[in-house]
Chemist: 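Sharing a structure below in structure tokens format, with a few things to ask.
Just so we're clear, the structure is a prediction, and the values are computed from it rather than from any experiment. Every chain is numbered from 1, with letters handed out A, B, ... down the list of sequences. Every heavy atom of this structure was used, including side-chain atoms; hydrogens, water molecules and symmetry mates were not.
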Amino acid sequence: MTMNVVSIDSLTKHPGESVTIRGWVYHLRAKGKLAFLVLRDGSGIAQCVFVKSEVDDATFDEAQRLSMESAIEITGEVRLDARAPGGAEIGVRAMKTYQKAAADFPIQPKEHGTGFLMENRHLWLRSRKPWACLRVRDAVIRSIRGFFYERGFVNIDSPIFTPAACEGTSTLFEVEYFDEKAYLTQSGQLYAEAAAMAFGKVFTFGPTFRAEKSKTRRHLTEFWMIEPEVAFAELNDIMDLAEAMLCHIVKSVLAERREELTILERDITKLEKIVPPFPRLSYTDAVDLLKQKGLPFEYGGDLGAPDETAIGENYDRPVMVHRYPHEVKAFYMKRDPQDSRFALCVDVLAPEGYGEIIGGSQREENLDILEGRIADHKLPREAFAWYLDLRRFGSVPHSGFGMGLERCVAWLTGVDHLRECIPFPRMLYRIYP
RNA sequence: UCCCGGAUAGCUCAGUCGGUAGAGCAGCUGACUGUUAAUCAGCGGGCCGUAGGUUCAAGUCCUACUCCGGGAGCCA
């Protein structure tokens, strides 16, 4: 007889059938002549019931002695039962053990400190919350790709090794590149601009590295960034694009990952409110708002993390703050023709204190102005020769933004630390496992 | 780089006024036919982060260091 191997998430489609499931022991409660074993197979968890009179003695005995995370295969009949988590359970007939796990599996179904859990990240991935959180991440990635592909964007990967700083501000990881120095990329944007002049609408999606010694729940040294870049787009166009993208992501996650959000105890009603239009505030309006709220703030400075939280608190959906003073922004941003004190840029602040998830701008397309900026910022002109070429051959208005994937996932899942939103986080003082 | 907090059993923590170490959970042994982090009984388990100092006596007080957590700046 051939085995009817099924995944746990499909059990409710097989009531009354004899099926086989394969996975790892998630929990075991032995009760004399009855034993409840919760099996985890990656798609979900299912309760398997061993009744002493229904299996042979050796199997019953072996089941009672299984350790957590032992790898097994179970064959039995699917029963719909309200008492079982997930609504379906298996009445066990037979069991095969692939490996009995060592008795000291470190992760227990109880409180652990985050330091300990991060030290055991390779095993922690098997727990419910990491499982749920990383499945939301997966859904977000798929949703983003779908969003851009549906709109005719081309995925162009930017290089990881770069010859110089993209923005000339943050600290980069330096690596040996044969006989030269190279740096790990902190942004694919400049390359995306080149690609936009070749393909019109592009996005890059890849890892990004920042060597700043930031030690907070909002920072990773290695994170994933999505960066669309659009030829002929102006600031308002990419603000519309960012708004549409975020709404699309939220919609997909609500449709495909409701169970995971429930496991994470996320307040889903907060996500259901994420619909257009998003509030749009100029920097000047944002500063007025901060003053109204009684926060000490000097006009002209950049918004700090507490300021962003205060602004975000005022709204139930992401806020777009645009037109910051150009002094606090990158050299490549175009200045506002209406008022040259400001840059044509936008930061999107997530609600509930999650802070900046997107930063974007309209780029300076004029060759002379851009050359002047590079000189003003004391950047090495030779390194930007190719970037300046883009302004010599068919330069057009163009705009784009970058979204930090993990920051977006942290907001959607409601977890309080970015490290839970990437499988193996790289942080200041943590590169294990 | 700066500011704040922490380090005691495998894990989470308690440890008073300075007097030679405690609990819950996990592990192991046993009981139990509907458990949901089962319950009950029993058994093992410790260089109190490292080094120095004060003291008759230090987990406890002092100094330095190491490691960890959070925050600021910077950013996504």
Chemist: Which one of Arg258(A), Arg317(A), Lys251(A) satisfies the salt bridge (Lys or Arg N to Asp or Glu O under 4.0 Å) criterion with Glu272(A)?
Modeler: Arg258(A)
Chemist: Could you check Arg217(A) against Asp347(A) and say which one's nearest nucleotide on RNA chain B is further toward the 5' end?
Modeler: Arg217(A)
Chemist: Measure from the side chain of His219(A), starting at C-beta and using heavy atoms only, and say which of A76(B), U36(B), U33(B) lies closest.
Modeler: A76(B)
Chemist: Looking at RNA chain B, which of residues 112-124 of chain A put a heavy atom within less than 4.0 Å of it?
Modeler: His112(A), Gly113(A), Phe116(A)
Chemist: Inspect the contact between Lys273(A) and Asp316(A) and indicate whether a charged nitrogen and a carboxylate oxygen are less than 4.0 angstrom apart.
Modeler: no
Chemist: Could you check which of C74(B), A76(B), U35(B) has an atom nearest any side-chain atom of Lys31(A)?
Modeler: U35(B)
Chemist: Sequence neighbours left out, what passes side chain to side chain donor-acceptor pair (under 3.5 Å) with Arg266(A)? Give chain and number order.
Modeler: Glu352(A)
Chemist: Which residues within residues 406-433 of chain A lie with some heavy atom under 4.0 Å of an atom in RNA chain B?
Modeler: Arg407(A), His417(A), Leu418(A), Arg419(A), Tyr429(A), Arg430(A)
Chemist: Counting heavy atoms from C-beta on, name the nucleotide in C74(B), U36(B), A76(B) closest to the side chain of Ser214(A).
Modeler: C74(B)
Chemist: Identify all stems in which RNA chain B takes part, counting only runs of at least 3 consecutive pairs (Watson-Crick or G-U wobble, each distance under 3.5 Å), and give each as one range with another, ordered by first number.
Modeler: B:1-7 with B:66-72, B:10-13 with B:22-25, B:27-31 with B:39-43, B:49-53 with B:61-65
Chemist: Got a sec, which pairs hit side-chain hydrogen bond (donor to acceptor under 3.5 Å, both in side chains) with one end in residues 68-84 of chain A, sequence neighbours left out?
Modeler: Thr20(A)-Thr75(A), Arg22(A)-Glu73(A), Arg40(A)-Glu69(A), Ser67(A)-Ser70(A), Glu69(A)-Arg126(A), Glu73(A)-Tyr98(A), Arg79(A)-Glu89(A), Asp81(A)-Arg83(A)
Chemist: For residues 153-162 of chain A, which residue pairs pass the salt bridge (Lys or Arg N to Asp or Glu O under 4.0 Å) check, not counting sequence neighbours?
Modeler: none
Chemist: What does Ile358(A) touch in the nucleic acid at a heavy-atom separation under 4.0 angstrom: a base, only the sugar-phosphate, or nothing?
Modeler: sugar-phosphate
Chemist: Please collect all side-chain hydrogen bond (donor to acceptor under 3.5 Å, both in side chains) contacts where either partner lies in residues 400-411 of chain A, sequence neighbours excluded, each pair once.
Modeler: Arg137(A)-Glu406(A)
Chemist: With a 4.0 Å cut-off on heavy atoms, is Glu222(A) in touch with a base, just the backbone sugar-phosphate, or nothing at all?
Modeler: nothing
Chemist: Going by atom type alone, with no hydrogens or angles, which donor-acceptor pairs under 3.5 Å involve a side-chain atom of residues 285-298 of chain A and a protein atom two or more places apart or on another chain?
Modeler:
unit_1: Asp285(A); atom_1: OD2; unit_2: Ser282(A); atom_2: N; d: 3.4
unit_1: Asp285(A); atom_1: OD2; unit_2: Ser282(A); atom_2: OG; d: 3.2
unit_1: Lys293(A); atom_1: NZ; unit_2: Ala310(A); atom_2: O; d: 2.9
unit_1: Lys293(A); atom_1: NZ; unit_2: Asn314(A); atom_2: OD1; d: 3.0

Chemist: Not counting sequence neighbours, which residues clear side chain to side chain donor-acceptor pair (under 3.5 Å) with Glu259(A)? List them please.
Modeler: none
Chemist: Closest approach to the side chain of Lys215(A), judged atom by atom: which nucleotide of A76(B), U33(B), G69(B) is it?
Modeler: G69(B)
Chemist: Listing request: all ring pair (Phe, Tyr, Trp, His ring centres under 6.0 Å) pairs with a residue in residues 412-433 of chain A, at least two apart in sequence or in separate chains.
Modeler: none
Chemist: Generate the contact string for nucleotides 25-31 of chain B. Rules: B means base contact, S means sugar-phosphate contact only, - means no protein heavy atom under 4.0 Å.
Modeler: BSS----
Chemist: How are the rings of Phe147(A) and His248(A) set relative to one another: parallel (under 30°), tilted (30 to 60°) or perpendicular (over 60°)?
Modeler: tilted
Chemist: Counting only heavy atoms and a strict 4.0 angstrom limit, can you tell me which residues of residues 129-139 of chain A come near RNA chain B?
Modeler: none
Chemist: According to the interplanar angle, ranging from 0 to 90°, do the rings of Trp386(A) and Tyr191(A) count as parallel (below 30°), tilted (30 to 60°) or perpendicular (above 60°)?
Modeler: parallel
